[in-house]
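Just the heavy atoms: all of them, side chains too, but no hydrogens, waters or symmetry mates, feed the values below.
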Number of protein chains: 2
Amino acid sequence: MQKTSITDIAEITGLSITTVSRVLSGKAEQYRIGKKSQEKVREAAQKLHYVPNHFAANLRTGKSNTLALIIPSLNNPFFAGIASEINTELRKFNYITIISDSDENVEIEKMELLQMTARNIEGLIIVPCGDQWQHIKEIQDQRIPVVCIDRYFEHLDIPYISTDNYEGANKATQYLIENGHSKITCIQGVQTSTPNRLRVKGFTDAMREAGHKEINIVGDDFTFQNGYLETKLLLQQKQRPTAIFTLSNTIAMGCMKALKEENIHVPNDISLITFDDHPYLDYLSTPLSCIAQPVSDISKIAVKFLLSKIQNKDINTSQVLLKPSMKLRDSIRKIN
Amino acid sequence: MQKTSITDIAEITGLSITTVSRVLSGKAEQYRIGKKSQEKVREAAQKLHYVPNHFAANLRTGKSNTLALIIPSLNNPFFAGIASEINTELRKFNYITIISDSDENVEIEKMELLQMTARNIEGLIIVPCGDQWQHIKEIQDQRIPVVCIDRYFEHLDIPYISTDNYEGANKATQYLIENGHSKITCIQGVQTSTPNRLRVKGFTDAMREAGHKEINIVGDDFTFQNGYLETKLLLQQKQRPTAIFTLSNTIAMGCMKALKEENIHVPNDISLITFDDHPYLDYLSTPLSCIAQPVSDISKIAVKFLLSKIQNKDINTSQVLLKPSMKLRDSIRKIN
DNA sequence: TAATTTTGTACAAACGTTTGTGCAAAATTT
DNA sequence: AAATTTTGCACAAACGTTTGTACAAAATTA
């Protein structure tokens, strides 16, 4: 069947498209449309299976009721969880959220941003996937409110909500040191990402503060493969670390696969702590200790920031780091 | 800065909006726009930071280049993985995909569908979250191509791609029986979902075929909590099963938490197999055997079905069940 | 030189809503 | 009875693109 428009309904009811539009967009009372006319319109709309054309309405009003959320990977439970919460929260405010997966690829991120702005989005929440920021800055320059999550750019005046990665990593490292570990290897992710850089700095500072001169940082990617390969390399060395600190769960999983293949047990042979929590960590062969990020808080605050910017056009730039928490399970052995 | 339109560029370049539109939408050669004019237009567009208005274009052309994907939960790695693959695949065909999370709530699903159709989507891939289908059928009646994934409606002529849930569950149960188990409990998910119903039937048939009269099926939800509570109840009974078959990973996780709390070891005290794979399953305290669904194939075929329907308006209804595979890890003990 | 073709570009309608403005009839007030 | 107000509705412009159609100048052909 052919698509029904307001014009069709006007013809059937003998009313004008103005009257029909006002009834269907909930403004009947405001414009004193008679009860009988309202009923005729509603009946006709139902009978003809009328579906409003959001594009036409948006063209005229300039309001899309659409927001965009760009995350680097739907396959990462951390980001999937954030996406789920943000989507649910924004729905409460009658926004539709276009969720986009940039696949950890800045060129895709740029393309997606173009697609989003062409659709007249009224706001953007983004987990940037690289260190390029100009294309994100340009969105803000177009007077589209932007909020960064997790990864952000310190020197830009774009609001962001993240975890205090430095503090989380610092505490994780301190804990290892307090348990007698001095030979600790950190397996990092993407070096240019701000969370990674701060986690590395947290690790490094904790080591230095404890007087440990030998600081070992390896890896360059938040992937399973990176965790796997770097752990394999570590285990080939004469002098192995007594503890490993992985900067993401995907790295931790790769690390654990390599350890298992080499018949090295956590925590008896080596201790392991990771960044980020997940329910699975409880049921691993060795339940993993970790630094947990407050995912729910991050999501809700990001939404709050964005809506505040949209509604009040407030120019204040909120840049907040939330406190992570350390979750001790069974993967750290005391050796002093 | 104010939004730039084609009209602004026309004014700056002294050309008509027709010329400008044709240059910017890649039709300059086709309409013999001179080189100098093209250059003037492109320069002005860049200088004024022109962003096309997709809504206006769509209003005129009737083409949105937009597809919709509705999944019941972004927090479920199975669906998040599917969403990721489908999104990546459709991007290759220059579609933007609106990903929507219905939160296992059919009313939200209906609302989301309304929002999608109002945005002139050209196709829909959906994992239905309940047993109501009329609102999905209506989408197809509006001549919007629809493909169901994972959960579907057998009696409808809507294309779907899923796993042969019956066969997967049947084989899992047979394997348990071959390993000497006869007291097997199945912890199921949402009873009205087609995959669940078929998995239960596969389990039941395998049990009956082996001459086992006592068939125990519990639960009613694909959640951690359901798995946890039902396992707790099981462990209170005098006669416990020797094996548990959970119909999803989230149920399996809840089950494992309960077992751990009761100090019951897998597979020494009880065997466990689940439906669905995940990389984590390898590193659990007991690596879990499972029936793995071909997620990548499901995603790619769903995309293929949808694009085929969009492009060729082909009325054939493809309804395909893919073969699952059994992945044996360490969670099943042979007891005969 | 005139007729025809090619080139480069423009006009204006269309898409489907929304909304500022306004009209005519009915009701009320003076 | 006339003036004013209220009620119920309609006209037409607007949003920003796309595109069918067409025009005028330049180039080519006969």
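For the pair B:L15 and B:A56, nearest-nucleotide mapping onto DNA chain C gives the more 5' position to B:L15. Nearest-nucleotide positions on DNA chain C for A:K27 and A:F55 put A:F55 closer to the 5' end.
Side chains of B:H49 and A:D141 form no contact here, defined as non-hydrogen atoms less than 4.5 Å apart. With contacts defined as side-chain heavy-atom distances shorter than 4.5 Å, the pair B:E29/B:K35 qualifies. Looking only at side-chain heavy atoms (C-beta outward), A:F305 and A:V320 come within less than 4.5 Å of each other.
Across the protein-nucleic acid pair, A:E29 atom CD and D:dG8 atom C1' stand 12 Å apart, rounded to whole Å. Distance NZ (A:K40) to C1' (D:dC9): 12 Å, rounded to an integer number of Å. A:E39 has its CD atom 15 Å from the P atom of D:dG8, to the nearest Å. Straight-line distance from the CZ atom of B:R60 to the C1' atom of D:dT19: 5 Å, rounded to whole Å. Regarding A:Q38, its CD atom lies at a distance of 10 Å from the P atom of D:dG8, rounded to whole Å. Whole-Å rounding puts the B:Q30 CD to D:dT21 P distance at 15 Å. Counting to the nearest Å, the P atom of C:dG16 and the CG atom of A:L48 are 14 Å from each other. Between the P atom of C:dT17 and the CZ atom of B:R119 lies a distance of 14 Å, rounded to the nearest Å.
Below the 3.5 angstrom threshold, one finds no donor paired with an acceptor across the side chain of A:T61 and the base of C:dT17. Counting atom types as modelled, A:T19 pairs no side-chain N or O with a base atom of D:dC9 as donor and acceptor under 3.5 Å. The base of C:dC11 is not paired with the side chain of B:S16 by any donor and acceptor separated by under 3.5 Å. Scanning atom types as modelled, one donor and one acceptor separated by under 3.5 angstrom connect the side chain of B:T18 and the base of D:dT19.
Of all nucleotides listed (C:dT9, D:dT17, C:dG16), C:dG16 comes nearest to the side chain of A:S5. The listed nucleotides are D:dA10, D:dT18, C:dT17; the one nearest the side chain of A:Y50 is C:dT17. Nearest nucleotide to the side chain of B:L59, out of C:dG16, C:dT18, C:dT9: C:dG16. The side chain of B:R32 lies closest to C:dT9, out of C:dT17, C:dT9, D:dT18.
Ring orientation note: the planes of B:F55 and A:H54 are nearly perpendicular, at an angle over 60° on the 30°/60° scale. The aromatic rings of B:H155 and B:W133 sit perpendicular, their planes meeting at an angle over 60°, well past the 30° parallel limit.
Distances shown here put a side-chain N or O of A:S21 below 4.0 Å from the OP1 or OP2 atom of C:dT18.
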